[in-house]
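Letters go in sequence order (proteins before strands), and every chain restarts at 1.
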There are 2 protein chains.
Amino acid sequence: MSDISRNGVSGGGQPGRIGIGLELDDIHLKILEVLRENGRISVAALAERVGISRANAYTRFEALRADGAIKRFTAEIDHGRAGLGITALIFVTVRQQMWKQFRAELARMPEVEYCAITTGQHDAMIQVRVADVAAVHTMVTDRLANIPAVKATETVFILDEVLRRPYVLPGDGRQRATAARRPATEERGDVPLGKMRFVGAAEGRAALRKDD
Amino acid sequence: MSDISRNGVSGGGQPGRIGIGLELDDIHLKILEVLRENGRISVAALAERVGISRANAYTRFEALRADGAIKRFTAEIDHGRAGLGITALIFVTVRQQMWKQFRAELARMPEVEYCAITTGQHDAMIQVRVADVAAVHTMVTDRLANIPAVKATETVFILDEVLRRPYVLPGDGRQRATAARRPATEERGDVPLGKMRFVGAAEGRAALRKDD
DNA sequence: GTTGAAATTAGTACGAA
DNA sequence: TTCGTACTAATTTCAAC
């Protein structure tokens, strides 16, 4: 039937395999699409919006949950209202062979909202939410600096969050992509590739995943 | 203009101002704490877990929603299961006076999950989810490079997402902090500040917010 | 701010297409 | 598989305290 592979952007065609479990069809994706905007919608209303029966909706809803495609439901809050008006990104260089310790320490930092291991100049990026800039300073110099695994950090502040989607779905821009008029390859001028830069992993980081 | 026309993410809250509307007390925070883990819990069950009456829970729940402290409810999905196994960060340098255009183009990129304006060497950070690495390349060289507002980009891949909380709350680590024993300022040794680096905004970016 | 009812809605089970 | 219906359990609303 339908394949979810069509991603307006990835010109590269074939989808590649989805997960091990469920094969997600268009209806599954539509369910996820609705749930993204309203995670508290009743399954009955969900069924109606997706255009399937209630029983079917319950089945698919439960399948998505059981399969792990839906990990959990949550809320989105206004951090400013909650008194955490400052957001910062801390790029961390981690001493090799000390990832385990680094991760353990992370678990003790409730102000960390997100942490990812990256390629490039640094090894990890941490996003923190705190009340004021002083708290960022404290966090970096007192907490992070005291972790032996942390070799160096670089901190930037987030001035504005322009866009935040709960998640991206394949084929998200299917209607929009048509309307949004993407210039055809032929009519595009020469792309100044020089200004685009990809940054590979720092040396020795290849063995990162097996470190812990 | 749709999605990102205004500061869609930081809500109405002015940077720096706290609690324009509701004054959040401990019970409000506890509600948000429960909702973070289970956004689909019934208000009745919520009341029980927080230790208040149902009517009270309904009142507070509605107040949080109306005030905008809770922006919406949503799901968390497994991107791998959805066929989007690749996550990348693209750091963008934006030509001054072209922020408006940049934001407009962003709205047409459904693979963008998050975009923030930052201090530091670059002007913005974009997080994208795509099916394969080729799609990242396409995204950067075809889509971003064609935006006049984009002066340069730098791309890194996310190898692993170590930690992801839906949101941070003030006082999150209140019990843990006591147990986790943070050394008092006096008893801490000298922190090697040399390895910590804060990066200020690039010149001319101060006028960023009024640019659009 | 709380409790206890009624009214509504959600979730389940099962047979039929 | 999916749908439709009937049944049961739970939630939300609304009242009075």
Side-chain angles (χ1 to χ4, degrees), chain A residues 1-6 15 17-77 81-82 166 169-171 174, chain B residues 19 21-78 81-83 166 169 171:
Chain A
M1 275 204 168
S2 48
D3 74 34
I4 66 167
S5 57
R6 303 280 229 162
R17 309 209 60 90
I18 318 181
I20 314 155
L22 268 187
E23 191 74 14
L24 301 189
D25 59 23
D26 274 354
I27 295 179
H28 286 121
L29 291 182
K30 204 162 179 198
I31 289 174
L32 293 177
E33 205 177 315
V34 173
L35 254 21
R36 173 170 53 181
E37 301 300 324
N38 182 6
R40 273 181 84 88
I41 193 174
S42 72
V43 182
L46 178 65
E48 194 180 15
R49 288 193 54 178
V50 174
I52 57 178
S53 71
R54 282 206 315 153
N56 193 0
Y58 275 105
T59 305
R60 287 168 173 275
F61 183 87
E62 189 42 42
L64 286 168
R65 251 185 159 308
D67 182 64
I70 296 176
K71 289 195 287 189
R72 64 174 158 182
F73 293 93
T74 187
E76 244 181 59
I77 72 164
R81 297 280 164 97
L169 287 174
R174 248 180 294 192
Chain B
L22 266 188
E23 192 71 20
L24 302 190
D25 60 22
D26 278 354
I27 294 179
H28 286 122
L29 291 182
K30 204 162 180 197
I31 290 174
L32 294 177
E33 204 177 316
V34 172
L35 255 20
R36 173 170 54 183
E37 300 301 323
N38 181 7
R40 273 182 84 88
I41 193 173
S42 72
V43 183
L46 177 65
E48 194 179 16
R49 287 193 54 180
V50 174
I52 56 178
S53 70
R54 284 181 316 234
N56 193 358
Y58 275 103
T59 305
R60 287 167 174 275
F61 182 87
E62 191 43 43
L64 286 169
R65 252 185 158 309
D67 182 64
I70 296 176
K71 289 195 289 191
R72 64 173 161 183
F73 292 92
T74 187
E76 244 180 60
I77 73 164
D78 183 332
R81 296 278 163 97
L169 288 174

With sequence neighbours left out, which residue pairs that include part of residues 34-61 of chain B fulfil the ring pair (Phe, Tyr, Trp, His ring centres under 6.0 Å) condition?
Phe61(B)-Phe73(B)
Side chain to side chain, Leu24(B) and Leu64(B), heavy atoms closer than 4.5 Å:
yes
Between P of dT9(C) and CG of Leu46(A), the distance in whole Å
17 Å
Does Gly39(A) offer a backbone N or O that forms a donor-acceptor pair with the side chain of Arg40(B) under 3.5 Å?
yes
Can you tell me if the side-chain N/O atoms of Tyr58(A) get under 4.0 Å from OP1 or OP2 in dT12(C)?
no
Go through the structure and list residues passing salt bridge (charged side-chain N to carboxylate O under 4.0 Å, His left out) with Arg60(B), not counting sequence neighbours.
Asp25(B)
Atom-to-atom span, NE2 of His28(A) to C1' of dT1(D) - whole angstrom:
11 Å
Measure the shortest side-chain to side-chain distance between Ile77(A) and Leu169(B) over non-hydrogen atoms and say whether it is less than 4.5 angstrom.
yes
Rounded to the nearest 0.5 Å, what separates atom CZ in Arg36(A) from atom CD1 in Ile70(A)?
12.5 Å
If you look only at pairs with a residue in residues 24-53 of chain B, which of them pass as a ring pair (Phe, Tyr, Trp, His ring centres under 6.0 Å), with sequence neighbours excluded?
none
Nucleotide-resolved protein contact map, nucleotides 2-10 of chain D, B/S/- at heavy-atom distance under 4.0 Å:
SBB-B----
Heavy-atom distance under 4.5 Å between the side chains of Thr74(B) and Leu35(A), does that happen here?
no
Are the side chains of Ile41(A) and Arg49(A) in contact, using a 4.5 Å heavy-atom criterion?
yes
To the nearest angstrom, the CD-C1' distance between Glu48(B) and dT12(D) comes to 16 Å
Between Arg72(A) and Pro166(B), what is the shortest heavy-atom contact and its length?
NH2-CD, 3.2 Å
Difference in axis direction between the ends of the helix from dG1(C)-dC17(D) to dA17(C)-dT1(D), five pairs, 10°
30°
Would you say CD of Glu48(A) has more than 12 non-hydrogen atoms from neighbouring residues, nucleotides or ligands within 6.0 angstrom?
no
Atom CZ of Phe61(B) and atom C1' of dT11(D): how far apart are they, to the nearest Å?
13 Å
Are any protein N/O atoms closer than 3.5 Å to N/O atoms in nucleotides 15-17 of chain C? If there are, list each pair with its distance.
none

